[in-house]
Undergrad: 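Below is the structure I would like to discuss, written out as structure tokens.
Keep in mind it's a predicted model, so treat the numbers as computed, not measured.
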Amino acid sequence: MLDFSLTSMLSSLFLLAEEAAPAAEGISWIALLNQALNGIGIVGILLLTGLGLAITFGVMRIINLAHGEFIMLGAYVTFVMQDFFKMDLLMTIPFAFIGTALIGAIVELTIIRRLYGRPLETLLATWGLSIVLQGVVKLIFTAELKYVRAPSYLSGNLSFLTNEAGTSPIAISYYRLFIIAVALALLALTMFLFYGTSWGRQIRAVTQNREMAKCLGVNTKLIDMGTFAYGCGLAGVAGAVISALKTVAPPMGQDYLVDAWMVVVTGGVDKLIGILAGSFLIGESNAIIAFMLNDPLARVIVLAAVIVLIRYRPEGLFTVQKRA
Amino acid sequence: MSKHMIVKASRRKFLQYGSLTLGASVIAACSGGTSSSSGGSDEAADLGENPIKVGVMYSTTGTIAIVEKSLQDATFLAIEQINSGTGPWEANGEGIAGRKIQKVVVNPNSDWDLYNQMSKRLIEEDQVVCVLGCYTSASRKSVLPVFEEKNSLLYYPVYYEGNECSSNVFYTGAAPNQQITDSIPYAYENFGPKGFFIGSDYIYPKESNRIAKAELEQAGGQVVGDEYAALGTTEFITIINKIKAAKPDFVLSNLVGDSIPAFYRQYKDAGITADDIPIMAYPTTEEEIQAMGPEFAAGHYTSFNYFQSVDTPENKAFVEQFKEMFGGDRVTNGVMEAAYLQTFFMAQAMKDALEAGEELNTETIRAATRGQEFSAPQGRVKIDPDNYHTYLYSRIGRWKEDGQADIVFSTDAAVKPIPWSQVLYKGRTCVHPSPDDRSDPIKETGKDLETQYLES
């Protein structure tokens, strides 16, 4: 493995050095700029898929290994809505939110509720849950890949710097911009809910001191269920939005689970804004390193970097000062 | 005190619910799979006396299930037709010389080690006479030592990278010279000399691209980029940007599984049309195109032995019967057709052996399978008696807006298989002795091997 990655790194560095010489300097800079711009598209997907986890893990401290499956459920809700009711993708987003939030609420009621304060058992139970959800979806929809249609008005590219040949070396697709917009809007909405409403205040009170909040008349059970359902609903929206750009299949959630965890852990779990920083850092560094070297290698490097970061800042980048 | 009670009570509850979840998950992971052997007693009653036990080994769960489930479907259709004497088996009556096939189905859950264990189980415990199965090269490599050690037979239905010639495997998918050898010169002549090669990061795409690279360089072209993505990757913007920067004349894609729809969608989404840079692919078939939406593949190319649009009476019947059994919205593709036709090769061989008064075992089935011919949906095909690969048609399809292929290139007859790429290993071929004593079959002729076709 080490040998392999080392040689492939060396060979790609060699190729890079070889190519840099004959090609004009400017072109590779423009290509790099284009890649950096498109890295924002990756950031958008990371932010969107990480947001739900930032609620269920970041706020509620539930080690939720079924997060990816809630993304998958959202994608399937979109598929069903499109297939049976011929809905536009944008129209299906509320249904994806409500559908996954409902399933999330049921899961909280039957499994998670009984496991608060026991992270290890929660981990096992949610892992089992992820296998069950995958199995159920496979039984209902079979293992085939499913097709979700992207809205036609979101096709096309926003381009900068059109050259004389009529092609533009720097461009980003409208759909990726749309993903970023949805992600930022959801982040803003979530921050408003948490820091600007009484529901948010109650949530934070329950996380900080459950017993005291209970004494003061907060219905902690309802708050827990609502918060978990909201986090799952966000995952469902993520699934709905990315379903048109990626592949819809029962195991699809596994792919996003690791990324979502990296984002949440890097950004820090105490502040929601941390996941914006986390997804930006991971998405952009992944994009730039992958462009210089290659995709599998970039993943290795970024993962290693996250491990080093956690070693020195176990709480992530954005932390809240706490009393010991 | 009371707190202690609560903890105790909830621990008991946890055990209840926790074991429920875990138990359910274990059932979900194994369901339909590891133990659905012999298909239950009611089916056994229908199979009459002395059925022939055949192993069917495809994953119906895990990452590769997407493809292998449809291979299993095609295999089941063939077995059903053989047992009931319908379809291509109509002239032979029910079963094989009166004996029906009893399928022993296992599900290795897309886990390469499980393929190895389950093939052992099929051969030793279930005592099947042969096995139909496997999709990825990784799984074939995993079971190969088992079939060679136990001297059993595997029918393998997938196009692959070649470089193999076992006495215990019949390869009914394309060898390199039935897919790569025609598609690369076609791309060179029709698109241009510069190719950008991409693939999933494992043995088949890498080896296949290595052969394609040698073919392209021999034709006078050059490879301007070579990129691999981990199996299951669905984010391709980096590779697409590298393609944009390298400005190739065509892209050769050996991506497999769920990466395929994601790549084609993001390719079009990034503003590259099929007119700018067409994609030539091997693993992209009707099934993946249905999943990505046909508009994303329209104008791109795939090289395969079979397309659903192949115009033969056998194919018309095959498509019709498949849809009847599995639903009108299903499509057929090249790997499914190979899984289908190899089941008939096996059945014909068993029939010949039984009619000659022989017992069914590895030796008799192997000897009888060599040289079998069959009118498959793709046309007349034949197992090469020397190298155990299959004479297959070589075709190139251009995808249309309706998700079907417009066949732009086709050989007139099935091409004789050569397991080794002749650009990389000039003159190397494979001849199993007759009768097969399992000695080393590799022959170095040192000469250019001429393309031979199946004579009708």
Undergrad: Nearest 0.5 Å please: distance from the CG atom of Asp329(B) over to the CG atom of Asp83(A).
TA: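 CG of Asp83(A) is found 9.0 Å from CG of Asp329(B).
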Undergrad: Can you tell which part of Tyr174(A) gets under 4.5 Å to a heavy atom of chain B, answering side chain, backbone, both or neither?
TA: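 Answer is neither: Tyr174(A) stays 4.5 Å or more from chain B.
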Undergrad: Between NZ of Lys146(A) and CD of Gln290(B), what distance do you get to the nearest 0.5 Å?
TA: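 Spacing of NZ (Lys146(A)) from CD (Gln290(B)) equals 8.0 Å.
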Undergrad: Sort Ile45(A) into side chain, backbone, both or neither according to what part of it lies under 4.5 angstrom from a heavy atom of chain B.
TA: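 Just the side chain, heavy atoms under 4.5 Å.
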Undergrad: Let me confirm one number: the OH-CD distance from Tyr147(A) to Glu295(B), rounded to the nearest 0.5 Å.
TA: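 One gets 3.5 Å once the value is rounded to the nearest 0.5 Å.
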Undergrad: Is it true that atom NZ of Lys323(B) has more than 12 heavy atoms of other residues, nucleotides or ligands lying nearer than 6.0 Å?
TA: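 Check passes, neighbour count above 12.
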Undergrad: How many angstroms lie between atom CD1 of Ile240(B) and atom CD of Gln35(A), to the nearest 0.5 angstrom?
TA: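 So the gap between those two atoms works out to 10.5 Å.
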Undergrad: So how far is it from Leu245(A) CG to Gln266(B) CD, rounded to the nearest 0.5 Å?
TA: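 The CD atom of Gln266(B) is 4.5 Å from CG of Leu245(A), to the nearest 0.5 Å.
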Undergrad: When heavy-atom pairs shorter than 4.5 Å are enumerated against chain A, which of Lys242(B), Lys69(B), Glu68(B) gives the highest number?
TA: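 Ranked by contacts with chain A, first place is Lys242(B).
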Undergrad: Shorter than 4.5 Å, heavy atoms on both sides: which option in Val148(A), Asn286(A), Ile242(A) has the most such pairs with chain B?
TA: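 The answer is Val148(A).
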Undergrad: Is Lys138(A) in contact with chain B via its backbone, its side chain, both, or neither, using a 4.5 Å heavy-atom distance?
TA: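 Side chain of Lys138(A) only, per the 4.5 Å heavy-atom cut-off to chain B.
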Undergrad: Of the backbone (N, CA, C, O) and the side chain (C-beta and beyond), which part of Asn34(A) lies under 4.5 Å from a heavy atom of chain B, both, or neither?
TA: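 Interface part for Asn34(A): both.
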Undergrad: Give, as side chain, backbone, both or neither, the part of Phe263(B) having an atom under 4.5 angstrom from any heavy atom of chain A.
TA: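 Nothing of Phe263(B), per the 4.5 Å heavy-atom cut-off to chain A.
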Undergrad: Please state whether the side chain, the backbone, both or neither of Thr126(A) comes within less than 4.5 Å of a heavy atom of chain B.
TA: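 Contact with chain B is absent: no heavy atom of Thr126(A) under 4.5 Å.
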Undergrad: Measuring only between side-chain heavy atoms, which start at C-beta, is Glu235(B) closer than 4.5 Å to Ile42(A)?
TA: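 With C-beta onward as the side chain, the pair touches.
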Undergrad: Of the listed residues (Ser70(B), Pro261(B), Ala230(B)), which shares the most heavy-atom pairs with chain A below a 4.5 Å separation?
TA: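 Ranked by heavy-atom pairs under 4.5 Å with chain A, first place is Pro261(B).
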Undergrad: Side chain, backbone, both or neither: which part of Ala290(A) has an atom under 4.5 Å from a heavy atom of chain B?
TA: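 For Ala290(A), the contact with chain B is made by backbone and side chain together.
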Undergrad: Does CD1 in Ile140(A) sit with more than 12 non-hydrogen atoms of other residues, nucleotides or ligands closer than 6.0 Å?
TA: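 Enclosed.
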Undergrad: When Phe291(A) is tested against each of Ile239(B), Asn241(B), Ile237(B) for side-chain contact (heavy atoms from CB on, under 4.5 Å), which residue passes?
TA: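 Answer after filtering Ile239(B), Asn241(B), Ile237(B): Asn241(B).
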Undergrad: Please rank Ala249(A), Pro296(A), Ala298(A) by heavy-atom pairs under 4.5 Å with chain B and give me the top one.
TA: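 Most heavy-atom pairs within the cutoff with chain B belong to Pro296(A).
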Undergrad: Can you find a side-chain donor-acceptor pair between Asp295(A) and Thr233(B) that sits under 3.5 Å?
TA: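 No - no donor-acceptor pair under 3.5 Å links their side chains.
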Undergrad: Please determine, among Ser130(A), Ala244(A), Gly39(A), Pro250(A), the option with the most heavy-atom pairs under 4.5 Å with chain B.
TA: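 Among the listed options, the one with the most contacts to chain B is Ala244(A).
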Undergrad: Mind checking the CZ-OG spacing from Arg265(B) to Ser243(A)? Nearest 0.5 Å is all I need.
TA: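 Nearest 0.5 Å value for the CZ-OG distance: 7.5 Å.
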